[in-house]
There are 2 protein chains.
Amino acid sequence: MDPTPLYEQLADILRRMITAGELQPRSPLPSESYLQQEHGVSRGTVRMAMRVLREEGLVVTITGRGTFVRVPESEGE
Amino acid sequence: MDPTPLYEQLADILRRMITAGELQPRSPLPSESYLQQEHGVSRGTVRMAMRVLREEGLVVTITGRGTFVRVPESEGE
DNA sequence: GAGAATTTGTACGTATGTATG
DNA sequence: ACATACATACGTACAAATTCT
């Protein structure tokens, strides 16, 4: 029952890369189009995963730039 | 007793905004995602309400743009 | 500065599955 | 069986911001 949704699975993968230190603070996550192709999911699904991480305060997204691992000390950046 | 379905209720609200002139011809209706959050319903329910209004000829929807109050004189626009 | 390419943001279209009354 | 309502997941189109050539 209730298999974990794809966007949750993708969020899990990215979350681990962050908490494991593979992705350092301020470093960019792979772009949406990359993740889309790499994981064989739609852009909407990628964006849902990103939203999960944003809501957890793990990443920050900037239009036209990308999504970055959040610096712990920053409230707004 | 069949309480009025949510999508009918939402259609009623939007229809009133149009007939009351709050929403002028060619002006955009609130987006699906906005209505979704604002009324606490799913996107499917919002879309059903929109379909009702489209079938009544009250609004016209354009992919990637939005849904607009129909101009009375236009058959196809 | 101009123009193209990249990246994220927003909006609608469609399909499927689940649950409830 | 059927209508309602939700969630997930695919797609297309267009807009905005930034970066690169």
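Order of the sequence lines sets the chain letters (A, B, ...), proteins ahead of strands, with each chain counted from 1. All values derive from a computational prediction rather than experimental measurement.
- For A:R43, the salt bridge (Lys or Arg N to Asp or Glu O under 4.0 Å) partners are A:E32, not counting sequence neighbours.
- For D:dA1, there is no paired nucleotide, since no Watson-Crick or G-U wobble pair has both relevant distances below 3.5 Å.
- Panel note: side chain B:E8, backbone B:A49; no donor-acceptor pair is recorded below 3.5 Å.
- Protein chain B contacts DNA chain D over a range whose 5' and 3' limits, counting nucleotides with an atom under 4.0 angstrom from a non-hydrogen atom, are D:dT4 to D:dA15.
- Each of B:G44 and B:G64 was matched to the nucleotide of DNA chain D holding its nearest heavy atom; the match closer to the 5' end belongs to B:G44.
- Every side chain to side chain contact (heavy atoms under 4.5 Å, CB included) that A:S42 has, sequence neighbours left out, goes to A:T45.
- For the atom pair A:T67 OG1 and A:L58 CG, the distance stands at 12.0 Å (nearest 0.5 Å).
- Between B:S31 and C:dA11 there is a side-chain N or O to OP1 or OP2 distance below 4.0 Å.
- Remark: C1' of C:dT8 and CZ of A:R51 are 15 Å apart, rounded to the nearest angstrom.
- Across all strands, A:S42 comes closer than 4.0 Å to base atoms (heavy-atom distances).
- Rounded to a whole Å, the CD atom of A:Q37 is 13 Å from the C1' atom of C:dT6.
- For the pair A:E32 CD and C:dT8 P, the interatomic distance rounds to 5 Å; values are reported in whole Å.
- Residues A:Q9 and B:L6 each lie close to DNA chain D; by heavy-atom proximity, the contact nearer the 5' end of the strand is made by B:L6.
- Every side chain to side chain contact (heavy atoms under 4.5 Å, CB included) that B:S31 has, sequence neighbours left out, goes to B:S33, B:Y34.
- A straight line from CG of B:L53 to C1' of C:dC12 spans 15 Å, rounded to a whole angstrom.
- Going from atom CZ of B:R54 over to atom C1' of C:dA11 covers 13 Å, rounded to whole Å.
- Here the closest non-hydrogen pair linking B:L35 and B:L14 is CD1-CD1, 4.1 Å.
- Applying the salt bridge (Lys or Arg N to Asp or Glu O under 4.0 Å) test to residues at least two apart or on different chains, the pairs with a partner in residues 50-64 of chain A are A:R15-A:E56.
- Straight-line distance from the CE atom of A:M48 to the P atom of C:dT10: 15 Å, rounded to whole Å.
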Practice task
Carefully, step by step, assess B:L53 and B:L29 under the rule side-chain contact (heavy atoms from CB on, under 4.5 Å).
Solution key: CA-CA 11 Å; B:L53 301 178; B:L29 274 68; 4.3 Å; yes

Practice task
Would you please test B:H39 and B:L6 for side-chain contact (heavy atoms from CB on, under 4.5 Å) and show each step?
Solution key: CA-CA 10 Å; B:H39 294 89; B:L6 292 180; over 6 Å; no

Fill in the blank from the handout: Under a 4.0 Å heavy-atom criterion, the protein footprint on nucleotides 14-21 of chain C, written with B, S and -, is B-------

